[in-house]
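Worth saying up front: this structure is predicted, and the values here are computed from it rather than measured. In each ligand, atom 1 is the first atom listed, and ligand 1 is the first ligand listed.
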Amino acid sequence: MADILVHVDHADGDVRKPTLELLTLARRLGDPVAVHLGPGAEAAAPVLAEHGAVRILAADAPEFTDYLVAPKVDALASAVDAVSPAAVLLASSAEAKEIAARLAVRLGSGLITDAVDLTQGDEGPLAVQSVFAAEFTTVSRVTRGIPVITVKPNSAAPEAAPAAGALEELAVSFGPLATGTRVVSREPRQSTGRPELTEAAIVVSGGRGVNGAENFALIEALADSLGAAVGASRAAVDAGWYPHSSQVGQTGKTVSPQLYIATGISGAIQHRAGMQTSKTIVAINKDSEAPIFELADYGVVGDLFTVVPALTDEITSRTS
Ligand SMILES: Cc1cc2nc3c(=O)[nH]c(=O)nc-3n(C[C@H](O)[C@H](O)[C@H](O)COP(=O)(O)OP(=O)(O)OC[C@H]3O[C@@H](n4cnc5c(N)ncnc54)[C@H](O)[C@@H]3O)c2cc1C
């Protein structure tokens with residue numbers, strides 16, 4: 001079987017869920033070979049092996065943490081040289097998409113971003129994309145070089161499939177561009193204790209109907225009852241009720257959770273563009289004509305100030 005390189009997204013060896021999804025998808029295409037860059041490879045190895053990594057190529061150097069993406073491109077290019085894979089897979093984060101684009105240029109390869117599914121075709125991997133605000137589904141294939149493909153979080157459920165996961169050192173020599181952009185300071189984001197918006201399996205979003213920053217406590221309570229992330233429409237963000245980093249939509253983040261609950265959101269095309277590929281959509285809106293109901297799988301016509309606390313209470317009573 002051909003080797004499929006999987007770039008590991010991690011924080012000091014704490015592997016993030018999209019990487020486990022990539023390993024699951026990679027197994028459809030060949031033997032997953034994980035590439036772990038930066039500290040923590042030994043800590044990461046068991047979970048990577050558990051999800052199907054036959055080998056783990058690891059490299060650690062200050063360049064990975066002290067500089068922006070270029071050193072990782074050098075390392076992935078070295079891994080490609082070492083393994084001659086049939087494809088390289090990365091998660092669709094902003095950083096990984098930049099790495100993917102630079103790597104594809106370096107390899108003279110075709111690039112596909114934001115795939116939502118992968119299958120093996122007769123002539124290589126086929127990538128499914130959801131385009132034009134999810135109005136169309138396309139299937140594409142890289143026709144030149146080693147396919148470099150980024151996959152959106154939540155495109156597959158991670159499945160365990162234990163493999164050898166042999167940890168090997170990856171030799172990397174950094175080119176002159178590697179140290180072109182240095183990180184000069186770092187401040188950790190204040191943790192909310194909730195999952196990252198773009199990776200969360202459940203997202204609860206609030207819009208203009210929430211009617212004030214203080215009322216977002218209702219949305220947070222519902223989110224917490226489900227272990228969900230909190231999102232917001234641009235109207236809510238522009239009003240200053242919730243941080244810009246939580247905006248879902250065309251000019252915000254794209255989410256594709258298993259469950260998306262839209263509360264007090266009308267469903268403008270620009271909002272839909274960021275959440276339309278969610279597996280199940282629930283809308284709570286007091287206007288039965290709101291466009292969000294056109295794409296909702298389940299709709300509640302009602303006042304969110306009544307419906308949301310009742311829903312939170314019901315979920316809490318069933319899960320506690
Ligand atoms: C270039 C461009 C980019 C954009 N990018 C984005 C983007 O990334 N993300 C985004 O979200 N928008 C984006 N927008 C804005 C978008 O067009 C809409 O204006 C915005 O999504 C509306 O947000 P909303 O649904 O919260 O507000 P509204 O459209 O005002 O809808 C509020 C909804 O709340 C309901 N409601 C009110 N009170 C209650 C209540 N008590 N209980 C239940 N329901 C209630 C109302 O019936 C209504 O349907 C963009 C616009 C442009 C032009």
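- Looking at I284 next to ligand 1, no N or O pair under 3.5 Å apart turns up.
- Of the protein's non-hydrogen atoms, L304 N, 2.8 Å is the one closest to atom 42 (N) of ligand 1.
- Atom 19 (O) of ligand 1 lies below 4.0 Å from none of the non-hydrogen atoms of the protein.
- Residue-to-ligand polar distances keep A268 apart from ligand 1: every N/O pair is separated by 3.5 Å or more.
- Y260 and Q276 share no side-chain donor-acceptor pair at under 3.5 Å.
- Near F305, meaning under 4.0 Å from any of its heavy atoms, are these atoms of ligand 1: 41 (N).
- The atoms of ligand 1 that sit less than 4.0 Å from any heavy atom of Q247 are 6 (C), 7 (C), 8 (O), 9 (N).
- Nearest protein neighbour of atom 25 (O) of ligand 1, counting heavy atoms only, is S266 N, 2.7 Å.
- Counting only distance, with no hydrogens or angles, the side chain of E50 and the backbone of P162 share no donor-acceptor pair below 3.5 Å.
- Of the listed residues (D287, N285, D303), the one carrying the non-hydrogen atom nearest atom 48 (C) of ligand 1 is N285.
- Residue S233 has at least one heavy-atom neighbour below 4.0 Å for each of these atoms of ligand 1: 11 (O), 23 (O), 24 (P), 26 (O).
- Under 4.0 angstrom from ligand 1, the non-hydrogen atoms of V248 all belong to its backbone.
- The closest protein non-hydrogen atom to atom 36 (N) of ligand 1 is G209 CA, 3.7 Å.
- Here the side chains of L90 and L76 are in contact, with some heavy-atom distance below 4.5 Å.
- Ligand-side atoms of ligand 1 in range of G252: 8 (O), range being under 4.0 angstrom from any heavy atom.
- From the protein, the heavy atom lying nearest to atom 12 (N) of ligand 1 is R234 CB, 3.2 Å.
- Below 30°, between 30° and 60°, or above 60°: for F64 and F174 the angle between ring planes is above 60°, a perpendicular geometry.
- Each of the atoms 7 (C), 8 (O), 9 (N) of ligand 1 lies under 4.0 Å from some heavy atom of G249.
- Of all atoms in ligand 1, numbered sequentially from 1 with element shown, those under 4.0 Å from a heavy atom of G302 are 42 (N), 43 (C).
- Looking at S93 and E95, their side chains never bring a donor and an acceptor atom within 3.5 Å of each other.
- For D114 and K152, the salt-bridge test fails: no basic side-chain N is under 4.0 Å from an acidic carboxylate O.
- The G207 neighbourhood of ligand 1 comprises atoms 26 (O), with distances under 4.0 Å to a heavy atom of that residue.
- Atom 14 (N) of ligand 1 has its closest protein heavy atom at Q270 CB, 3.5 Å.
- R208 and D238 are not joined by a salt bridge, as no carboxylate oxygen comes within less than 4.0 angstrom of a charged side-chain nitrogen.
- Among protein heavy atoms, the minimum distance from atom 27 (O) of ligand 1 is reached at R208 CB, 3.4 Å.
- Salt-bridge check for E294 with R272: passed, with a basic side-chain N closer than 4.0 Å to an acidic carboxylate O.
- Dense packing is recorded around CD of E168, with more than 12 heavy atoms of other residues, nucleotides or ligands lying under 6.0 Å away.
- Below 4.0 Å from some heavy atom of Q250 lie the following atoms of ligand 1, by number and element: 7 (C), 8 (O).
- A donor-acceptor contact shorter than 3.5 Å is absent between the side chain of D14 and the backbone of H10.
- Ionic pairing of R194 and E220 is present here: one or more N-O contacts between side-chain nitrogen and carboxylate oxygen are shorter than 4.0 angstrom.
- Side chains of T251 and R234: a donor on one and an acceptor on the other come within 3.5 Å.
- Closest protein heavy atom to atom 22 (C) of ligand 1: A235 CB, 3.9 Å.
- The protein atom (non-hydrogen) at minimum distance from atom 32 (C) of ligand 1 is G264 O, 3.4 Å.
- N154 and K17 are linked by a side-chain donor-acceptor pair at a separation below 3.5 angstrom, with hydrogens and angles left out of the test.
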